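In what follows, every chain begins at residue 1, and chains take the letters A, B, ... in the order their sequences are listed. Owing to the predicted nature of the structure, the values given are computational and were not obtained by experimental measurement.
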Amino acid sequence: RKEVEQDPGPFNVPEGATVAFNCTYSNSASQSFFWYRQDCRKEPKLLMSVYSSGNEDGRFTAQLNRASQYISLLIRDSKLSDSATYLCVVNIGGNNRKLIWGLGTSLAVNP
Amino acid sequence: GAGVSQSPSNKVTEKGKDVELRCDPISGHTALYWYRQSLGQGLEFLIYFQGNSAPDKSGLPSDRFSAERTGGSVSTLTIQRTQQEDSAVYLCASSPGQGDYEQYFGPGTRLTVT
């Protein structure tokens, strides 16, 4: 089993739709979690950290389920500009170098 | 302020040649990472530098790969005797330190080995 797994997609949704991605991780000792966004042929950029209590940033909501070992990202009222690959990142140790990156989920928002 | 910069942006080399890729991290960032990303693939961790500590080289795929970081700032990734499977985008990232800090990525160097 991969340490971090994501459905590669692609997810094709119309503008205004709500879409959700899950990411599962295998190491129960994982300590922190992140969602990064990567546009085509661009570098990854942090979208949001994922806190135990869940957190929201505008149209984006991230949740953590430690019991089932997954994190989720919900995008409401999706925009064309949300089209990108969303990367799940898990810190399995105390040092930042133990970040494990998922392969990403591709989202295409269509007009 | 200035972000992470990398050079060259593109590099085409012949199989068997050596290449050097450069990364200038954000000023003051003590942590520096190298990753590579093949077409349609995820990020593959290569090496990590943190301050004056010994680097974590656990991700380097072979002894043809090496990296150094001079003066705690600029880093160079060297690939000796390049092979076609080395073709990928090499990404550098820096962060303010250890822990759960955001990683800031450079634009990458696209390496093509012919």
Side-chain angles (χ1 to χ4, degrees), chain A residues 2-10 21 23-27 29-53 55 57 62 64 71 84-108, chain B residues 3-6 9-10 21 23-26 29-51 53-60 67 69 75 88-112:
Chain A
K2 289 183 181 176
E3 290 182 280
V4 175
E5 288 198 76
Q6 297 183 249
D7 180 344
F21 312 133
C23 165
T24 59
Y25 60 94
S26 61
N27 190 328
S30 297
Q31 298 184 353
S32 49
F33 310 86
F34 310 88
W35 285 103
Y36 276 72
R37 169 192 170 133
Q38 186 172 26
D39 292 299
C40 187
R41 292 180 170 262
K42 297 286 188 180
E43 68 273 20
K45 293 186 179 178
L46 180 67
L47 178 65
M48 57 197 306
S49 302
V50 186
Y51 303 127
S52 296
S53 55
N55 48 301
D57 182 3
L64 166 63
I71 65 171
T85 296
Y86 291 83
L87 302 167
C88 168
V89 188
V90 176
N91 184 348
I92 63 172
N95 294 327
N96 213 15
R97 67 177 182 269
K98 296 297 183 185
L99 290 180
I100 307 297
W101 293 73
L103 297 183
T105 296
S106 176
L107 172 66
Chain B
V4 178
S5 61
Q6 292 186 245
S9 55
N10 280 285
L21 312 180
C23 172
D24 281 89
I26 293 174
H29 280 193
T30 58
L32 186 148
Y33 310 77
W34 283 99
Y35 297 90
R36 74 176 175 183
Q37 189 172 32
S38 301
L39 188 63
Q41 301 297 312
L43 286 174
E44 177 186 2
F45 166 76
L46 297 177
I47 188 168
Y48 161 76
F49 296 90
Q50 170 56 42
S53 303
D56 177 352
K57 304 180 182 180
S58 59
L60 294 178
R69 188 179 185 192
S75 178
V89 176
Y90 288 81
L91 289 160
C92 173
S94 71
S95 71
Q98 289 181 317
D100 296 330
Y101 293 101
E102 176 179 356
Q103 293 193 8
Y104 296 82
F105 283 82
T109 293
R110 184 173 299 277
L111 175 66
T112 303

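- Rounded to the nearest 0.5 Å, atoms CD (A:Glu43) and CD (B:Gln37) are 11.0 Å apart.
- For a residue to count as touching a neighbouring chain, one of its non-hydrogen atoms must lie under 4.5 Å from one of that chain's; by this rule B:Glu44 does not touch chain A.
- Separating the CD atom in B:Gln41 from the CH2 atom in A:Trp101 is a distance of 15.5 Å, to the nearest 0.5 Å.
- Under the salt bridge (charged side-chain N to carboxylate O under 4.0 Å, His left out) criterion, A:Asp39 pairs with A:Arg37, sequence neighbours left out.
- For B:Val89, the side chain to side chain contact (heavy atoms under 4.5 Å, CB included) partners two or more places apart in sequence, or in a different chain, are B:Leu91, B:Arg110.
- When side chains are defined from C-beta on, B:Gln103 counts as touching A:Tyr36, because their heavy atoms get closer than 4.5 Å.
- Within the model, atoms OG of B:Ser95 and CG of A:Leu46 stand 11.5 Å from one another, a figure rounded to the nearest 0.5 Å.
- Ranked by heavy-atom pairs under 4.5 Å with chain A, the list B:Ser58, B:Gly106, B:Gly108 is led by B:Gly106.
- Neither the backbone nor the side chain of A:Gln6 comes within less than 4.5 Å of any heavy atom of chain B.
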